[in-house]
S.K.: 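If you scroll down you'll find the structure; I have some questions about it.
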Protein chains: 2
Amino acid sequence: MKTRLITPTPSAHAYPLLIKNLLDTPLIYSPDQEIVYRDQHRYTYKTFSQRVKQLAAMLENLGVRPGDTVAVMDWDSHRYLECFFAVPMMGAVLHTINIRLTPEQLIYTINHAEDDVILVNTEFVPLLASVKDRFNTVKKVVVLSDTGEIPESDLDFAGEYEALMAETPAEYEFAEFDENTMATTFYTTGTTGMPKGVFFSHRQIVLHTYATLSVLCGYAHQANITSNDVYMPMTPMFHVHAWGMPYLMTLLGAKQVYPGRYEPEMLLKLILTENVTYSHCVPTIMNMLVTSPAINQVDLTGWKVIIGGSALSRGLCAQALKHGINLYTGYGMSETCPVLSLAMIKPHLMETDQDEQVAIRCMTGLPIPHVQMKIVDMKGNALPHDGKTAGEVVVRAPWLTQGYIKSEEKSEELWADGWLHTGDIGVIDAHGYLRITDRLKDVIKTGGEWISSLELEDIISRHEAVSEVAVVGVADDKWGERPLAMVVIKDAFRGKVSEKDIQDHCMGFVEKGQIPKYGVPTRIILDADIPKTSVGKISKKDIRSQYQ
Amino acid sequence: MKTRLITPTPSAHAYPLLIKNLLDTPLIYSPDQEIVYRDQHRYTYKTFSQRVKQLAAMLENLGVRPGDTVAVMDWDSHRYLECFFAVPMMGAVLHTINIRLTPEQLIYTINHAEDDVILVNTEFVPLLASVKDRFNTVKKVVVLSDTGEIPESDLDFAGEYEALMAETPAEYEFAEFDENTMATTFYTTGTTGMPKGVFFSHRQIVLHTYATLSVLCGYAHQANITSNDVYMPMTPMFHVHAWGMPYLMTLLGAKQVYPGRYEPEMLLKLILTENVTYSHCVPTIMNMLVTSPAINQVDLTGWKVIIGGSALSRGLCAQALKHGINLYTGYGMSETCPVLSLAMIKPHLMETDQDEQVAIRCMTGLPIPHVQMKIVDMKGNALPHDGKTAGEVVVRAPWLTQGYIKSEEKSEELWADGWLHTGDIGVIDAHGYLRITDRLKDVIKTGGEWISSLELEDIISRHEAVSEVAVVGVADDKWGERPLAMVVIKDAFRGKVSEKDIQDHCMGFVEKGQIPKYGVPTRIILDADIPKTSVGKISKKDIRSQYQ
């Protein structure tokens with residue numbers, strides 16, 4: 001294709017998209033705006049920017065050079081925000097360590113990411129110390145302490161963060177480099193195998209910031225964010241850069257509040273005293289808040305909260321709305337930087353009733369600008385947007401991980417056909433709203449179609465005799481897979497319900513057109529002992545291996 | 001510098017920033033939102049997107065291929081908006097022709113840009129026909145007609161736009177290509193020589209859109225724009241893509257109103273009937289509106305208007321504010337895509353009095369994200385932000401023209417030292433606000449300093465005897481240049497005022513520290529016949545050549 005290229009790479013006047021430039025604007029527009037840490041500390045953007053220079057200089061003194069990796073193990077803090085900027089701005093890679101990893105996973109990720117320096121909160125010192133003998137690349141460990149005290153430990157600390165900062169002049173010239181330079185990395189834990197490393201460039205983080213901002217600020221649907229909002233993350237900063245929001249709110253020069261570890265009383269206190277108006281969290285945290293006794297002492301009217309990580313139930317949504325909280329779903333994953341879609345209520349749907357609006361807020365949402373999204377069948381064919389046909393959600397966007405670190409095979413699987421495969425099964429309705437219905441690995445592939453195990457479980461659980469149910473697909477010569485249901489019968493119904501009763505119940509939903517006939521489980525195990533994981537979740541992997 | 005590049009160019013999963021993706025989001029979020037043309041025509045974004053495909057197919061039928069150039073001569077219309085998208089989306093270059101060029105300039109730009117196809121509004125057919133014998137590259141001409149009638153002309157038309165559209169199926173697959181592909185070009189007219197061509201890539205237009213949006217939507221200062229706004233341009237679409245706003249408002253899926261040619265009654269009528277809330281224009285148009293008799297019939301409260309192109313006077317600003325119009329300055333030029341800065345009132349300045357706020361709104365403003373801006377002296381040294389020291393405004397941003405088409409020498413001059421030289425002289429105050437004080441070519445370079453000719457003219461004009469004044473720099477062996485003032489004395493003072501009286505008047509401002517002593521004009525021509533251009537503007541070029 002003959003087109004006219006106007007910027008030979010590299011061009012004399014090229015301007016790379018770098019994280020450092022996100023910090024220029026707030027320093028001009030609102031240098032005196034505040035960044036707050038719990039009820040302990042506050043400073044201005046002007047000071048923040050000085051400390052970002054100071055941190056870079058301090059890390060350089062510790063031997064950190066462009067291309068090196070600096071890992072952080074911390075709760076949400078102003079110090080973590082300093083790392084979000086200083087580390088990538090000096091051309092190094094920020095590794096945000098998941099503080100909930102097992103020691104085995106932890107040392108695996110530290111060695112796999114080739115961390116050079118680790119900054120660790122006092123609270124995680126014992127965990128880190130337990131694996132220190134297996135460090136392959138770590139040269140220095142810095143301790144982050146709210147009190148300035150360095151805990152007793154086998155770890156040989158290079159120093160304490162604030163003490164090291166205090167002895168370093170705030171002088172550092174951030175260089176300009178290729179926008180495709182790696183800026184961040186972190187590890188995503190699956191149900192099997194060791195964590196997998198994803199990674200993002202400066203260009204990707206800048207574009208993710210702009211595109212997310214364009215919807216959150218520009219689309220005046222049920223909510224819109226501006227520089228007047230006060231932001232507090234309630235998704236950990238180690239988890240996909242707290243969904244990228246610290247970068248976005250910094251670009252806006254908005255007030256930011258970092259709550260440390262998540263304690264309901266502290267969160268509610270900060271919301272009240274700092275006038276927090278915008279947050280994001282997983283449903284568990286929101287549930288913890290709305291069931292907290294302290295909730296009735298706080299006026300949460302107008303508090304905008306994006307829910308992600310797992311499905312938002314209509315019950316929790318309605319309960320939060322009752323408290324005046326303006327919440328809705330965001331969708332994304334570690335591999336996607338993360339935002340792919342937001343459950344914005346379209347202008348013409350703002351007039352619908354409360355139930356309908358709750359339903360929309362609980363959807364996975366509409367793709368944000370520059371996200372291409374489709375649902376595909378097993379052969380990769382795009383499926384219709386009819387609100388019924390389920391397919392795997394595949395996406396393209398300028399900010400997706402280009403693969404998994406040092407894992408060619410898994411990277412190729414992730415990017416089959418040039419689209420990133422989310423591993424989620426969903427339907428898209430005529431309005432363009434995506435609704436996730438299952439995980440691909442749990443879906444039942446039968447008769448050339450996908451049937452959601454979650455939907456079958458939902459149907460079976462509506463039978464009055466059923467107290468618990470798990471559905472998996474088991475291999476079948478003719479159909480590929482057929483559904484198998486393990487059912488626990490309520491005590492009162494024990495012995496009074498047969499396998500056929502459950503199948504008949506399912507047939508009722510076949511007649512309503514909700515599931516195809518081959519979706520009715522051929523095998524039903526009554527009074528089953530459903531296998532569970534160590535944390536009490538149903539282990540479909542174990543069921544499958546038991547009945548395969 | 002050792003850094004880790006994560007996206008080899010081109011990467012298997014690279015995602016180029018292309019104009020076509022700006023059109024995806026409104027089709028999902030608000031497909032039924034309207035695009036309106038005067039009081040004549042309206043359709044939805046859904047139809048708009050169909051017509052963009054139709055136009056691409058129609059142009060392809062006319063022989064247009066990627067890399068070709070399609071030129072447009074039209075007033076602001078929905079058809080022009082279709083060209084804004086279809087032409088670059090097919091990999092061709094959109095040349096937005098300035099309809100106010102002389103025939104000589106017109107044919108120069110058509111041949112210089114190597115236009116392949118021209119779309120011309122009926123009204124400009126005679127102008128275009130007058131140069132048709134000198135076409136070098138033009139193969140087809142399509143006429144744009146509101147009535148469907150094709151005017152009598154020597155031009156050999158390929159057809160009429162709507163008729164050609166009607167016979168073309170809306171089928172076109174827009175390919176993906178390098179984001180550095182040229183998307184648009186147009187010519188900027190200086191005071192000397194032929195127009196110079198600037199050019200912008202898809203990447204540049206997309207980034208300009210996002211960065212401008214981030215301030216206009218995200219910064220809740222005196223104004224913020226959302227998808228609920230109704231947009232009407234009042235800066236021609238041929239002029240730096242109507243400041244890029246049609247791309248931005250399309251991404252937001254906002255209602256857009258295209259007024260054709262600018263007639264005060266039609267503009268006011270559209271504002272009223274279509275509830276226009278956001279526009280932009282040069283001071284002349286705003287002045288035309290606020291002095292129009294029809295203005296008192298329209299409630300303009302909350303109408304947000306960005307003023308650019310030339311300085312906004314405090315008088316006009318105050319007058320517009322009195323009508324409830326929320327106006328402020330934007331700064332940029334053809335070379336800069338164009339937005340560089342916006343006169344947003346900072347949060348802590350929102351509490352200042354009306355006069356102070358008028359002063360800020362009339363400033364050139366604060367740089368938007370990713371714009372680096374400084375003022376430099378003659379040697380390229382950065383000057384302090386003290387609100388007094390004047391220097392040339394130089395900028396970097398990801399969306400600046402990489403040079404002038406086929407003009408190496410002028411391109412190098414434009415990009416001396418790796419910064420784009422605006423040719424404007426300005427001061428930056430401690431808050432970061434830029435105020436343009438002069439054009440570089442009119443500034444007087446004396447004693448190693450720059451003195452604003454406009455400031456000297458302002459000072460001299462405050463003498464009670466002066467009716468008109470022009471100041472230029474003339475060569476001086478010792479000082480480099482010294483100011484020369486041509487002064488017209490009011491009839492009542494004729495013969496009663498000497499050169500020394502004027503110099504003494506200037507000395508008063510030296511004592512106040514407003515100008516240096518060597519800023520006092522050494523030569524003053526009383527009762528001068530100040531040379532003017534054909535449109536009545538003072539011709540400093542002629543004065544300089546007269547006295548050099």
Side-chain angles (χ1 to χ4, degrees), chain A residues 1-7 9 11-13 15 17 21-22 24-25 28-30 32 65-67 91 93 175 177-178 180-182 199 201 203 210-211 213-214 217-221 224-228 251-252 344 346-348 366-370 372 396-398 400 402 415 418 420 432, chain B residues 1-7 9 11-13 15 17 21-22 24-25 28-30 32 65-67 91 93 175 177-178 180-182 199 201 203 210-211 213-214 217-221 224-228 251-252 344 346-348 366-370 372 396-398 400 402 415 418 420 432:
Chain A
M1 181 168 175
K2 167 204 158 201
T3 52
R4 296 198 203 168
L5 290 188
I6 65 174
T7 317
T9 310
S11 147
H13 316 311
Y15 187 115
L17 299 176
N21 298 114
L22 299 179
D24 293 340
T25 313
I28 296 169
Y29 281 73
S30 50
D32 300 321
R65 296 289 172 270
V93 180
F177 42 75
D178 192 311
N180 294 313
T181 300
M182 196 193 294
F199 51 101
S201 68
R203 170 185 163 106
Y210 273 128
L213 187 154
S214 74
C217 300
Y219 282 75
H221 299 239
N224 89 317
I225 310 290
T226 72
S227 56
N228 282 347
L251 176 60
L252 288 181
M344 308 303 276
K346 292 188 184 196
H348 74 283
L366 302 170
I368 67 168
H370 275 95
Q372 291 171 18
R396 292 186 70 224
L400 310 181
Q402 300 294 290
W415 275 100
L420 185 144
Chain B
M1 184 169 174
K2 167 206 159 204
T3 52
R4 297 198 202 168
L5 290 187
I6 65 174
T7 316
T9 312
S11 147
H13 316 311
Y15 187 116
L17 299 176
N21 297 114
L22 298 179
D24 294 339
T25 313
I28 296 170
Y29 281 73
S30 50
D32 300 321
R65 296 291 174 269
V93 179
F177 42 75
D178 192 312
N180 294 311
T181 300
M182 196 192 295
F199 51 101
S201 68
R203 171 186 163 105
Y210 274 127
L213 187 153
S214 73
C217 299
Y219 282 74
H221 299 239
N224 91 316
I225 310 290
T226 73
S227 56
N228 282 348
L251 176 60
L252 288 182
M344 309 303 276
K346 292 189 185 195
H348 74 283
L366 301 170
I368 67 168
H370 275 93
Q372 292 170 18
R396 293 186 68 222
L400 310 181
Q402 300 293 292
W415 275 100
L420 185 142

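Residue numbering restarts at 1 for every chain, and letters A, B, ... go by the order of the sequence lines.
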S.K.: Determine the option with the most heavy-atom pairs under 4.5 angstrom with chain B, choosing from A:Pro398, A:Ser214, A:Gly432.
M.R.: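 Answer, by heavy-atom pair count under 4.5 Å with chain B: A:Pro398.
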S.K.: Do you know the tightest heavy-atom contact between B:His370 and A:Tyr210?
M.R.: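 The answer is ND1-OH, 2.8 Å.
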S.K.: Provide the closest heavy-atom pair for A:Ala220 versus B:Thr226 in the form atom of the first, atom of the second, distance.
M.R.: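 Closest approach of A:Ala220 to B:Thr226: CB-OG1, 3.3 Å.
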S.K.: Could you grab the distance from atom CD1 of A:Ile368 to atom CD1 of B:Ile28, nearest 0.5 Å is fine?
M.R.: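 It is 11.0 Å, given to the nearest 0.5 Å.
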S.K.: Check side-chain hydrogen bond (donor to acceptor under 3.5 Å, both in side chains) between B:Tyr29 and all other residues, then give those that pass, not counting sequence neighbours.
M.R.: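 Once residues adjacent in sequence are excluded, B:Tyr29 has no partner under the side-chain hydrogen bond (donor to acceptor under 3.5 Å, both in side chains) criterion.
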S.K.: Could you list the residues that satisfy side-chain hydrogen bond (donor to acceptor under 3.5 Å, both in side chains) with B:Asn224, not counting sequence neighbours?
M.R.: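 Here no residue qualifies.
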S.K.: Tell me, out of B:Asn228, B:Leu366, B:Leu251, who's got the most heavy-atom pairs with chain A below 4.5 Å.
M.R.: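 Going by pairs under 4.5 Å, I would pick B:Leu366.
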S.K.: Shortest non-hydrogen contact from B:Ser227 to A:Tyr219?
M.R.: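 Heavy-atom minimum between the residues: OG-CA, 3.5 Å.
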S.K.: Select one option (side chain, backbone, both, neither) describing which atoms of B:Leu17 are under 4.5 Å from chain A's heavy atoms.
M.R.: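 Contact with chain A involves both backbone and side-chain atoms of B:Leu17.
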S.K.: With respect to chain A, which residue among B:Ser30, B:Ala397, B:Pro347 yields the maximal number of heavy-atom pairs within a distance under 4.5 Å?
M.R.: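 Greatest number of close heavy-atom pairs with chain A: B:Ala397.
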